[in-house]
Amino acid sequence: MHSTPSAPRLLQKMVLFTAALLLSAAFAPTVATATTVSMGHSQGCSAADTGQVTCWGSPSLPGLETYAKDVRVGKDFGCALAGNNVRCWGNNDFLQQGKLSAWGSIADVYATQIATGATHACALVYTYVQCWGDASQGQLGQAYMVPTAEAVQVEGLSRVKHVAAGNGSTCAVRQDGTVVCVGAGSGLVEGSMDPRLPRTVPGITDALEVALFDGHACVLRTGGKVSCWGSNLHGELGVPAGTAKVVLPVEVTGLAAAAKAVAVGHGYTCALLVNGTVSCWGNNANGQLGTGLGGSGASQVTGITDATAISTGKSAACAALQGGYVQCWGEGAGWSHGICRVPGGLYPGVPASWGPIIEPAICHAQGSAAPMSVKGLGPQQDATLVLDWAEKTMPQPFAAGPATVRDPADKLYLREYPGGHKLGVNGHGSARLLYQGPLSSGQLLDLGGLPYWVDQATKDLAAQSGIQIRAAPYYNIGLNTGLCNLIVIYWVRSTNGLPAGFAPTSLRVEKEGGVSAEVPIRDRLVFPTWTSETDWSGNVPQPDPLQPIPPGVKQEPVHYGVADGCVTGFYGLTVDVVLTYTIDGKKGQVRTRARVGAAS
């Protein structure tokens with residue numbers, strides 16, 4: 001949710017910069033394109049709301065022909081959730097790819113969530129858990145001790161709402177808020193205990209999610225609390241380091257705000273807080289706490305203020321940010337452009353830029369002790385969009401034509417203009433629009449989050465594209481969800497012909513006061529439809545073939561889409577429906593007004 005600031009409207013009217021600089025407002029970004037992120041042992045992957053999967057590190061990602069809602073990676077293998085099917089790739093030493101089929105490796109399950117451990121994978125199927133792959137540590141439950149390519153139901157993991165997998169373990173959050181685990185790596189198995197038997201985590205009755213990797217585990221609890229158990233050699237449980245394994249979960253204290261997600265890596269833990277920051281604690285030998293110059297205890301990751309998702313791996317962690325960007329920190333993930341740690345970066349809001357770390361003659365593995373952009377998932381394209389738009393909208397201080405100054409590590413996208421004006425976007429940390437020059441008395445000025453400015457720029461671009469949208473939002477109250485299940489059906493056409501590369505990326509609804517909510521896009525389809533000048537939603541009847549086609553009626557390609565999610569607070573209101581899209585990689589935005597009704 002956000003409130004729209006007034007300063008940008010002044011900028012758009014070109015009463016612009018001086019007034020905006022004097023206001024020194026912190027602009028709230030819009031709702032981001034939905035993006036997931038997963039970090040494993042040597043590979044990271046992200047699934048965008050367009051269905052495209054991007055991976056870095058190894059192994060390489062095979063072609064995925066279907067729309068992927070999520071992707072999870074383990075030790076040299078990964079799995080994607082395509083619709084409700086699961087596709088896997090990479091190492092198959094323990095049959096963790098699942099069954100081989102004409103469509104590649106696939107787990108024959110109807111999944112709503114997937115999870116990957118080091119050598120096995122799992123899926124949430126309705127309210128129970130099915131897993132496949134390695135079973136040697138009891139991670140598939142009582143019935144299996146040898147690898148299997150068949151997805152098998154894990155005994156004891158029923159009435160489940162969330163599943164997680166680690167090295168030799170599987171854990172699930174049940175609908176009553178308790179957590180049940182199987183496998184030797186769950187941190188609950190001691191002495192001669194049979195690791196295949198399900199064990200309930202003691203003292204937890206309000207769990208929302210569970211996370212594990214190797215040696216310890218954590219749960220996100222009601223109210224944003226985080227509790228952890230298992231190994232604590234590095235302080236990964238959020239308490240002073242010790243050699244004894246902790247079986248009874250301990251609550252993490254000292255977080256700057258409530259948590260909304262938790263991720264567990266090898267000897268360290270990270271939490272995504274409700275204010276968009278990320279805090280990490282535990283082992284920092286590889287810079288995986290993301291604090292730039294190091295630190296102990298729960299420390300805020302340098303420069304991240306608008307994270308939407310997080311993931312931790314063996315020695316590196318990643319966050320998806322507003323705008324669909326992905327940033328990572330730590331070592332060994334393969335996203336760095338060089339062979340050594342990145343020598344620094346500009347992080348707005350950090351008192352001093354993160355400086356270089358002195359390395360020996362033989363550098364550490366590729367990586368960074370503070371967040372850096374993943375190649376192909378950074379803000380470069382959006383930075384170019386906004387800087388181009390600024391030149392067109394505000395030509396007085398920003399005379400068009402300068403070359404973009406871009407350093408090799410993508411730390412800053414900078415344009416310099418006559419009269420000493422500079423406009424740029426930082427490439428690492430949460431992307432911000434920055435100004436320096438006469439209008440700020442030479443000081444570096446933060447003009448707010450880049451996603452907000454992308455929103456402004458795409459509004460102008462849509463007006464020139466000829467693209468139009470109709471929408472029918474309503475609450476489906478027949479699913480026993482009350483006024484929660486908001487469905488938005490929408491149709492898109494273009495007076496210039498719908499471009500072949502048109503791809504919706506996100507949809508949101510806005511009400512008065514600037515309050516908005518994202519509604520995840522579920523279905524996308526383009527088909528020829530008879531349209532009129534005012535209706536392209538399939539209601540125009542096909543003309544009689546024996547009669548002349550009525551004026552203003554024609555057949556043209558129309559994009560049909562459906563978005564749905566648990567979104568409350570919009571029933572009975574007239575709202576703006578805002579669709580963000582790309583055309584051959586370039587972003588645009590189109591909107592319409594519609595009243596939110598209800599249907600059963």
Side-chain angles (χ1 to χ4, degrees), residues 1-2 4 27-37 46-54 67-71 81 276 306-309 319-326 376-379 381-382 385-386 430-431 449-462 465 467-473 485-492 498-499 501-511 514-526 559-567 569-570 575-594 596:
M1 305 281 184
H2 75 283
T4 304
F27 301 136
T30 61
V31 177
T33 300
T35 305
T36 68
V37 64
S46 174
D49 195 41
T50 57
Q52 179 182 1
V53 173
T54 302
Y67 170 83
K69 295 190 290 187
D70 194 11
V71 59
L81 181 60
D306 63 351
T308 59
L321 309 181
Q322 292 277 359
Y325 321 125
V326 174
L377 293 173
Q381 189 174 65
D382 285 350
L385 169 70
V386 170
S430 293
L450 181 63
Y452 173 81
W453 293 102
V454 170
D455 198 38
Q456 303 305 306
T458 53
K459 287 178 182 177
D460 284 0
L461 293 176
S465 67
I467 291 178
Q468 301 171 315
I469 183 174
R470 290 172 61 92
N485 192 47
L486 178 62
I487 297 176
V488 182
I489 302 174
Y490 65 91
W491 302 265
V492 179
L498 194 65
F502 175 83
T505 57
S506 67
L507 182 142
R508 72 175 187 268
V509 290
E510 291 183 352
K511 59 185 177 181
V515 177
S516 70
E518 182 181 4
V519 189
I521 296 175
R522 185 187 71 199
D523 298 321
R524 301 167 171 85
L525 181 66
V526 176
H559 177 98
Y560 167 84
V562 179
D564 69 86
C566 183
V567 177
F570 290 84
V575 300
D576 279 358
V577 177
V578 184
L579 183 75
T580 300
Y581 59 86
T582 62
I583 298 176
D584 297 329
K586 296 182 179 180
K587 285 188 177 180
Q589 184 187 105
V590 65
R591 64 175 59 210
T592 188
R593 290 185 65 78
V596 181

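Residue numbers count from 1 along this sequence. All heavy atoms count here, side chains included; hydrogens, waters and symmetry mates do not.
Between V492 and Q468 there is no side-chain heavy-atom pair separated by less than 4.5 Å. Side-chain contact between Q456 and Q589: absent, with no pair of heavy atoms (C-beta onward) separated by less than 4.5 Å. In this structure the side chain of E518 never reaches within 4.5 angstrom of the side chain of L507, judged on heavy atoms. Between I467 and F502 the shortest side-chain heavy-atom distance falls below 4.5 Å. In this structure the side chain of T592 never reaches within 4.5 angstrom of the side chain of D576, judged on heavy atoms. By the 4.5 Å heavy-atom criterion applied to side chains, V578 and E510 are counted as neighbours. At least one side-chain heavy atom of D564 sits less than 4.5 Å from a side-chain heavy atom of N485. Between I469 and W491 there is no side-chain heavy-atom pair separated by less than 4.5 Å.
Across every non-hydrogen atom of T582 and T505, the tightest pair is CG2-CG2, 3.7 Å. Between A68 and A47, the shortest heavy-atom distance links the atoms O-CB, 4.1 Å. When all heavy atoms of A471 and A594 are compared, the pair lying nearest together is O-CB, 3.6 Å. What you find for P451 and G323 is that their closest heavy atoms are CG-N, 4.0 Å. Between P520 and G565 the shortest heavy-atom distance is CD-CA, 4.2 Å. Minimum interatomic distance between L321 and A307 (heavy atoms only, all atoms of both residues): CD2-CA, 3.8 Å.
The one candidate from V326, V37, L377 that meets the side chain to side chain contact (heavy atoms under 4.5 Å, CB included) condition with T54 is L377. The side chain to side chain contact (heavy atoms under 4.5 Å, CB included) test with F570 singles out one residue from V519, V575, V488, and that residue is V575.
Taking CG of D455 as the start and OG1 of T580 as the end, the distance is 6.5 Å to the nearest 0.5 Å. Here CG of L450 is found 5.5 Å from CG of D382. Values are rounded to the nearest 0.5 Å.
A search for side-chain hydrogen bond (donor to acceptor under 3.5 Å, both in side chains) contacts involving S46 returns nothing, not counting sequence neighbours. Partners of Y325 under the ring pair (Phe, Tyr, Trp, His ring centres under 6.0 Å) rule, at least two apart in sequence or in another chain, do not exist in this structure. Legend: residues meeting side-chain contact (heavy atoms from CB on, under 4.5 Å) with V562, ordered by chain and number and at least two apart, are I487, I489, R522, D523, Y560.
Checked by atom type and distance alone, the side chain of S516 never pairs as donor or acceptor with a backbone atom of V509 at under 3.5 Å. Side chain of K69 to main chain of A48: no donor-acceptor pair is present (N/O by atom type, distance under 3.5 Å, no hydrogens or angles).
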- request: Could you please spell out the steps behind the ring-ring contact (aromatic ring centres under 6.0 Å, His included) verdict for Y490 and H559?
  value: CA-CA 8 Å; Y490 65 91; H559 177 98; 5.7 Å; yes

